[in-house]
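Working notes for the structure below.
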There are 4 protein chains.
Amino acid sequence: MTRRNEASRQAILTAAFDLVGEIGYSKLSVEGIASRAGVGKQTIYRWWPSKGAVLLDALLMTMGGPVGDLPDTGDLEADLRTILFATVEEFRDPRLDGVMRALISEIAHDDGLAAIYAERIDGPVRELKRRRLRAAQQAGQLDPGLDLDTAVDLLWAPLLSRWLLRTGPLDHDFAAATITMALSGMSRKM
Amino acid sequence: MTRRNEASRQAILTAAFDLVGEIGYSKLSVEGIASRAGVGKQTIYRWWPSKGAVLLDALLMTMGGPVGDLPDTGDLEADLRTILFATVEEFRDPRLDGVMRALISEIAHDDGLAAIYAERIDGPVRELKRRRLRAAQQAGQLDPGLDLDTAVDLLWAPLLSRWLLRTGPLDHDFAAATITMALSGMSRKM
Amino acid sequence: MTRRNEASRQAILTAAFDLVGEIGYSKLSVEGIASRAGVGKQTIYRWWPSKGAVLLDALLMTMGGPVGDLPDTGDLEADLRTILFATVEEFRDPRLDGVMRALISEIAHDDGLAAIYAERIDGPVRELKRRRLRAAQQAGQLDPGLDLDTAVDLLWAPLLSRWLLRTGPLDHDFAAATITMALSGMSRKM
Amino acid sequence: MTRRNEASRQAILTAAFDLVGEIGYSKLSVEGIASRAGVGKQTIYRWWPSKGAVLLDALLMTMGGPVGDLPDTGDLEADLRTILFATVEEFRDPRLDGVMRALISEIAHDDGLAAIYAERIDGPVRELKRRRLRAAQQAGQLDPGLDLDTAVDLLWAPLLSRWLLRTGPLDHDFAAATITMALSGMSRKM
DNA sequence: TAATAAACGAGACGGTACGTCTCGTCTTACA
DNA sequence: TGTAAGACGAGACGTACCGTCTCGTTTATTA
């Protein structure tokens, strides 16, 4: 049985989230989080293995509870636009941008964190995406032989890539073009 | 005219590249690079603004001169397999994996570095990819209305995503599936 | 009326005494004592005001009950040798050396502890020494005008000084020389 | 050859000396010294092995250069009074009391420090004391067979003991009584 | 023979300081 | 005069303990 102080936990996550937005991940320090949260450093080290883990929890906290199903109006392309446009907006939200970049960087180096990310964040969200595509598949709108995990990456990875590397504009046009191209294919239509 | 010591420059870049492979980016320090290179710290600070910039130069050095054109046998799908399979191998090369992850992380946070990356690395490579797709377009194999930059992202971003986030296996099968899906589209063929 | 757990008290004093011998006073911690004694920290803080007080009690415990009178064979010089030789042996006992050094240091800084030490340890022992000297005085062996407290210091302080500061060898020869010199005086005998 | 910054050295020693007087040794911290001196912690750790070593150097600094010879008017007892009264005053000087207690405590635990103390402080001072006694010996005032090191301890150790342990008043009377008793001896004069 | 109240073990908490590490700047000696 | 070597002020790292503060869990009277 844990006697963990919930108020401290909240304060730490909030402080971490706020600080990363204010000063950026590279300037973020455990000492800074502890000080801002009014908490001893050991209380952070007691419950989290790394700065990245704190941040991941902070993100989970602000993302709130389990997200509901993705929209399904029967029109796959329209629904994908709705969804990907929202993703674009998330990426462009300055409050989230910093935290997510920081988290992605940590995940890139830390296998343990990557596993937690895969299980707690990517997994559930990916399942929702797969579910929406599976529905379309069953409705006869998508190729029945499609590997849905690859399909998810085909649709979302381009957004991630542009956001992370800034190799081009990340806007609704780009999202729409990605959807169209992914659905119809790049090959010449006869 | 700079009185820059070319031998020191080489030693620094080599040391940086080797060290990042041995101890990882997070343990990499300017002191370590200077010590390994037999160079004063000031010599590094004099010529590079940041650890990331050194690493980027190191990467540019080892990647050697300008890469030649991508293969064009006339069979677009086969050529894309050749190219993306090679990309997969690069991502899986342990010598490159660490450096590239480090660089991507730095780019994610550092706009200046992102600009250099865009200009010196992504730009030239992307131009080669665009050129190969344009040839296919002109040969009537790709939709003439296609935005080639989006097309490049549709093909390569899924690889980047799986490599960086480890959200699924990164192998030739995945690359092949991506190519097929991107070319033919996800929608049901009547 | 206290419901104090005597077993815990014993365990704490024993643990403190043992630990100070093993790791030294500076490494000694309340946490360490509590852990070794299988006791909660609060149980220590409940009954002792400081680490030094625990140690002083530990010393009192191991030194056992009230010491009997000092030997009085009628031959003052011989008796002083017996007594001071025993003191030298105590100082050189490795089991006691550490604890006593620690205690002396604490006393040097902590007035409260100094008072307890004066009352519980130095007082009774000094009284015994005074008593032996007073007997010699009454037997006409010592100068009747002698201040006995000063005399006690003249005899014992040199041992303390050599032991504490290691400014010279602490052995029976030194003790014997001190006794002779103190009894006869340093001045030239005509 | 060192490139040591003399200004920093001075600032550290001064800060250490001042702080120990203000807050006492037990509250004295390396961080505090560094902060007060406007110096990085590493600069302290670079040049001193311990807090005690800093303090010892601080004491050496304030005690200034090599002390001149002790007074020799030909009247040994009067000279000893002059000298021991001055020692009593030093012990009672609040500016020195704290530093010296701290140092003595450290020396009691740290063999290395004890060696430095013996060589740099006790040695030279003891030599001066020995020299004065030797002069008296040659003048026929002291017993020719006297071991001068023991004699020094007989005279000074009682002061040290009373100062350190507070087992009795430390004043000129006590010093005078010690001198008289040490010179004439405790035994009954016929 | 309960009930009740303290002392207990355990250990989380907000803190301070530790001694180490690296940062980016500044200084010195050499070649 | 530029370079290696490295000292410097700064400050974060992760650890160890501090002394305080709950938590349930013994004990051991008191009602």
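Within every chain, numbering begins at 1; the chains are lettered A, B, ... in the order of the sequence lines, protein sequences first and strands thereafter. All values below come from the heavy atoms of this structure, side chains included, with hydrogens, waters and symmetry mates left out.
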| task | Check every atom of E/dC8, F/dG19, F/dC8 against the side chain of D/N5 and return the nucleotide holding the closest atom. | result | F/dC8
| How is D/R4 classified with respect to the nucleic acid when contacts are heavy atoms under 4.0 Å: base, sugar-phosphate, or nothing? | sugar-phosphate
| request: Could you state the atom-to-atom distance from CZ of C/R9 to C1' of E/dA7 in whole Å? | output: 16 Å
| Which nucleotide, E/dA17, E/dG14, E/dC23, lies nearest any side-chain atom of B/K51? | E/dC23
| note | Nearest heavy-atom approach of A/V20 to A/L55 is CG2-CD2, 3.9 Å
| task | Using whole Å, report how far CZ of D/R46 lies from C1' of F/dC8. | result | 6 Å
| task | Quick one: label D/G32 by what it contacts on the DNA or RNA (base, sugar-phosphate, nothing), any heavy atom closer than 4.0 Å. | result | nothing
| remark: To the nearest angstrom, the CD1-P distance between D/I33 and E/dT16 comes to 18 Å
| message | Whether the side chain of B/K41 and the base of F/dG6 hold a donor-acceptor pair under 3.5 Å is what I'd like checked. | response | no
| field | Atom-to-atom span, CZ of A/R36 to P of F/dA12 - whole angstrom | value | 14 Å
| message | Measure CD/A/E31 against P/E/dC21 and give the value in whole Å, please. | response | 17 Å
| Side chain of A/R3, base of E/dA10: donor and acceptor closer than 3.5 Å? | yes
| message | Using heavy-atom distances to pick each residue's nearest nucleotide on DNA chain E, tell me which of C/G40 and A/S8 is more 5'. | response | C/G40
| request: Would you indicate, yes or no, if F/dG2 has its OP1 or OP2 atom less than 4.0 angstrom from a side-chain nitrogen or oxygen of B/W47? | output: no
Got a list of side-chain donor-acceptor pairs under 3.5 Å for residues 97-104 of chain D, not counting sequence neighbours?
residue : atom : partner : partner atom : Å
D/D97   : OD1  : D/R101  : NE           : 3.0
D/D97   : OD2  : D/R101  : NE           : 3.3
D/D97   : OD2  : D/R101  : NH2          : 3.4
D/D97   : OD2  : D/W163  : NE1          : 2.8
D/R101  : NH1  : C/A108  : O            : 3.2
D/R101  : NH1  : D/W163  : O            : 3.3
D/R101  : NH1  : D/L164  : O            : 3.2
D/R101  : NH2  : D/W163  : O            : 2.9

| request: For side-chain contact (heavy atoms from CB on, under 4.5 Å), just list the numbers for C/Q10 and C/M61, CA-CA rounded to whole Å, side-chain angles, deciding distance to a tenth of an Å, and then say yes or no. | output: CA-CA 9 Å; C/Q10 291 285 345; C/M61 181 186 67; 3.3 Å; yes
| field | Given DNA chain F, 5'-ward residue of the pair A/Y45 and D/A37, judged by closest heavy atom | value | D/A37
| request: Let me know the distance between CH2 of A/W48 and P of F/dC13, rounded to the nearest Å. | output: 15 Å
| field | Test side-chain hydrogen bond (donor to acceptor under 3.5 Å, both in side chains) applied to B/E119 - qualifying residues, sequence neighbours left out | value | none
| field | Of B/G38 and C/L28, the one whose closest DNA chain F nucleotide lies more 5' | value | B/G38
| remark: Testing E/dC23, E/dC18, F/dC18 for proximity to the side chain of C/S29, the answer is F/dC18
| task | Send over the distance from B/I23 CD1 to E/dT22 C1', rounded to a whole Å. | result | 12 Å
| request: Report yes if at least one side-chain N or O of B/T43 is closer than 4.0 Å to OP1 or OP2 of F/dT3; otherwise report no. | output: no
| request: Return yes if the base of E/dC8 and the side-chain atoms of C/Q42 contain a donor-acceptor N/O pair under 3.5 Å, otherwise no. | output: no
| Could you state the OH-P distance from D/Y25 to E/dA17, rounded to the nearest angstrom? | 14 Å
| remark: In terms of heavy-atom contacts, C/L113 and C/E106 come closest through CD2-CB, 3.5 Å
| query | Does B/R9 count as lying over the ring of B/W47, i.e. NZ or CZ under 6.0 Å from the six-ring centre, within 45 degrees of the axis? | reply | no
